[in-house]
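Contents: one structure, followed by commentary.
Note that the structure is a prediction, hence the values are computed from the model and not measured. Chain naming here is simple, since letters A, B, ... match the order of the sequence lines and numbering starts at 1 in each.
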Number of protein chains: 2
Amino acid sequence: MTRRLAEVAKKVGVSEATVSRVLNGKPGVSEATREAVLTALDVLGYERPTQLRGDRARLVGLVLPELQNPIFPAFAEVVGGALAQQGFTSLLCTRTVGGVSEADYVDLLLQQQVSGVVFAGGFYAQADAPHGHYELIQERKLPTVLVNAAVDHLGFPQVSSDDYVAAEMAIGHLRALGHRRIGMVLGPRDHIPSRRKLEAFMAAEEADPGLVEHTMFSLEGGHAAATKLVNSGVTGIVCASDILALGAIRAVRRAGLSVPDEVSVIGYDDSAMMNCTDPPLTTVRQPIDAMGRAAVDMLVALIERAVVPADELLFEPELVVRASTARARI
Amino acid sequence: MTRRLAEVAKKVGVSEATVSRVLNGKPGVSEATREAVLTALDVLGYERPTQLRGDRARLVGLVLPELQNPIFPAFAEVVGGALAQQGFTSLLCTRTVGGVSEADYVDLLLQQQVSGVVFAGGFYAQADAPHGHYELIQERKLPTVLVNAAVDHLGFPQVSSDDYVAAEMAIGHLRALGHRRIGMVLGPRDHIPSRRKLEAFMAAEEADPGLVEHTMFSLEGGHAAATKLVNSGVTGIVCASDILALGAIRAVRRAGLSVPDEVSVIGYDDSAMMNCTDPPLTTVRQPIDAMGRAAVDMLVALIERAVVPADELLFEPELVVRASTARARI
DNA sequence: CAAGTGCTTGCAAATTCTTGCGTGAATAGG
DNA sequence: CCTATTCACGCAAGAATTTGCAAGCACTTG
């Protein structure tokens, strides 16, 4: 009935093929014909068929594990801003304790016909967590980018900061200050970024596997883990997040020691306000600005059907020396 | 008999399936057909069965102005958790600098058929900001709850912490410590919670209107405002947010003075990590846990068609004395 | 608890658009 | 005047999208 392209073709007296070529800017159409088609297109008010995902919603899901650690809100702001610039709207999905799981959010996002998803700090980073929902995403060919180290077999493009180098920097900084007995507070054992940091730790000279503690990413976790390390006599503690580091500082003080005079503490992330803490926290900064932007660029490329290799893009972290680290006493 | 969806389908000359797809924003419908269906829907005054609307998505929008101030992520966690317990999923919408406005998010949420919306710190709190999108919500009768003081005429139920009392507490605390020259750093002039705090300030003894500064809610804003106040010789500064207070502390130190020995600073919110700052911040806590839960309860009641008065539920804040305030020197 | 109503959704058919290939016309060169 | 080359264009295969059918699901009703 409404053979729209065919109608235009008939009006101009050419074949559908020619009209199609004009619409797509393909060569092989004479200037006169092209113009005639263009005019008819205009007159008949032709609208190109909606390129489904591209034009429909322009929604992108951003899935985060929590909002307590300020790095995640900060990352959300970067990604949200970058997406907005490209004409996308971001939907922030945060796992809640008693409630919505990552898989639930994936279902939701698929149902809402989002154009793509950015995951940060999700289950993909934990070897023992369920990964079924990621397969679902792959089946549906939904453009997806992961932020920070993931388990191996997923095959999504990734944007990460280099955990190995970050741990090296932190340990190197402490060793340069004369620390020899250095402890590490990491996330769960199956957490890939923590594993990478552990590798760097084990590669360092005089590394003592007994001085590595695994815990949850919370202030209390950092406190508990650091208490054990302090009891083992460390003079320097490298933490896998700033929150852990704040917990560690509290633990050191509870033990009657001073930071940084007796024990140095290094965080990771450089989240907001870490320069307002007591003492201002020495930490390894994740370049979240660059990472967020890169993740969005990749995602948009995927959405536009470009071929993006499922590689991991590694970003170099940066040591930010403040006042929670000092020369070793002894 | 009254196959309502079928009726629309017949009128447009398509199948029920197509109408259903349009109603649910599913892909696979041409733009022309979609428009035709939408028109017919409008003409025939189709209303989707009430149950489907509530049951299908169980989505609630949570609209926040930013994520830099940790009070907003914290609030998002509370509300998200409370909603999850009630079987709702929250969609976090954050205004981004160059990008998506509050009105855009309202459009989006309406289009996504959310069951309700919670606004916190939105344009409703600013007298001079555009309010058109709130009217749109009222027209559509979308259940909505506002958090913290709003301009008068909107008529949504509200959950607020009592700004007047909060300011009284802060000022009372400083006066009890012997401070007489007290300054105040507030948000924009048209910001209702700031106005309420100003009222309390003006009602206090010896209040000097010259010691009130209005600024943006950012560390830099607090810094700038506090610098002026310090130059005016205040010994105590009451700030309208913790972030402003951190900026104020920085300003006091830049002026070569000490907090709290020479100038006392009080924040507002008691956001996370304010006990880790240097010095630990004395602040007035918003009971966000109770507020968030109350907001969700109200919203759920609204969604279930209960009658909820469009009142303002006032929550009592709480003074948390840490180490950024001390007895006045002189 | 079966039957019915109203809506949603998987699947396959129908429609619409894209593209490789070949034809024929116009032009140029021999 | 004949042949080679180029170029626009249509044909038709095939890729992609839209649409209806009918099964299925959630809920109500007899």
Side-chain angles (χ1 to χ4, degrees), chain A residues 1-42 44-57 107-113 115 136 139-143 303-307, chain B residues 1-41 44-59 87 111-113 115 303-305:
Chain A
M1 268 304 205
T2 58
R3 298 197 171 185
R4 331 249 281 99
L5 185 144
E7 213 172 278
V8 176
K10 197 173 166 193
K11 167 121 186 172
V12 189
V14 294
S15 73
E16 298 176 31
T18 305
V19 181
S20 173
R21 275 184 273 255
V22 172
L23 276 169
N24 297 297
K26 291 280 162 79
V29 183
S30 71
E31 204 45 52
T33 311
R34 184 181 300 274
E35 209 134 300
V37 172
L38 249 19
T39 308
L41 243 29
D42 196 35
L44 294 179
Y46 178 88
E47 274 177 50
R48 22 181 76 232
T50 49
Q51 222 54 317
L52 213 67
R53 282 230 173 96
D55 251 42
R56 252 200 48 61
D107 285 348
L108 175 76
L109 292 172
L110 283 171
Q111 204 191 324
Q112 300 288 328
Q113 307 290 142
S115 311
L136 187 62
E139 276 172 29
R140 303 275 196 104
K141 294 187 183 133
L142 185 61
I303 290 172
E304 282 163 3
R305 312 269 159 119
V307 182
Chain B
M1 261 326 185
T2 59
R3 297 202 168 189
R4 330 242 287 99
L5 183 143
E7 213 172 279
V8 176
K10 198 173 166 192
K11 165 121 186 172
V12 189
V14 295
S15 73
E16 297 176 31
T18 305
V19 180
S20 171
R21 275 184 273 254
V22 171
L23 277 169
N24 296 299
K26 288 285 164 76
V29 182
S30 73
E31 202 49 49
T33 309
R34 183 182 301 276
E35 212 137 295
V37 171
L38 249 21
T39 307
L41 243 30
L44 294 180
Y46 177 90
E47 266 179 54
R48 42 177 49 225
T50 47
Q51 303 204 325
L52 295 168
R53 183 187 190 184
D55 244 42
R56 230 188 56 65
R58 306 276 290 179
L59 277 179
Q111 201 193 322
Q112 300 288 327
Q113 307 277 336
S115 310
I303 290 172
E304 283 162 3
R305 306 281 154 121

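Taking atom CG on A:N24 and atom P on C:dT18, their separation rounds to 4 Å, with Å as the unit. The interatomic distance linking B:K10 (NZ) with D:dT19 (C1') rounds to 19 Å, in whole Å. If you take NZ of B:K26 and C1' of C:dG10, they are 12 Å apart, rounded to a whole angstrom.
Across every non-hydrogen atom of B:A40 and B:K11, the tightest pair is CB-CG, 4.2 Å. Of all heavy-atom pairs between B:R34 and B:K26, the closest is NH2-O, 3.2 Å. Here the closest heavy-atom approach between residue B:S115 and residue B:I303 is recorded as O-CG1, 3.4 Å.
Of the side-chain N and O atoms in B:Y46, one or more sit less than 4.0 angstrom from OP1 or OP2 of C:dC7.
Helix bend of the helix from C:dC1-D:dG30 to C:dG30-D:dC1: the angle between its two end axes, each built from five pairs, comes to 10° after rounding to 10°.
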Please enumerate all protein N or O atoms sitting under 3.5 Å from an N or O of nucleotides 10-15 of chain D, with distances to 0.1 Å.
{"from": "D:dG10", "atom 1": "OP1", "to": "A:S15", "atom 2": "N", "distance (Å)": "3.4"}
{"from": "D:dG10", "atom 1": "OP2", "to": "A:S15", "atom 2": "N", "distance (Å)": "2.8"}
{"from": "D:dG10", "atom 1": "OP2", "to": "A:S15", "atom 2": "OG", "distance (Å)": "2.9"}
{"from": "D:dG10", "atom 1": "OP2", "to": "A:T18", "atom 2": "OG1", "distance (Å)": "2.6"}
{"from": "D:dG10", "atom 1": "N7", "to": "A:R21", "atom 2": "NH2", "distance (Å)": "2.9"}
{"from": "D:dG10", "atom 1": "O6", "to": "A:R21", "atom 2": "NH1", "distance (Å)": "3.2"}
{"from": "D:dG10", "atom 1": "O6", "to": "A:R21", "atom 2": "NH2", "distance (Å)": "3.0"}

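Contacts with DNA chain D (heavy atom under 4.0 Å) in residues 30-42 of chain A: A:S30, A:T33, listed by number.
In this structure the side chain of B:T33 reaches within 4.5 angstrom of the side chain of B:V14, judged on heavy atoms.
Just one residue in the list B:L41, B:V8, B:T18, B:L38 forms a side chain to side chain contact (heavy atoms under 4.5 Å, CB included) with B:L23, and that residue is B:L41.
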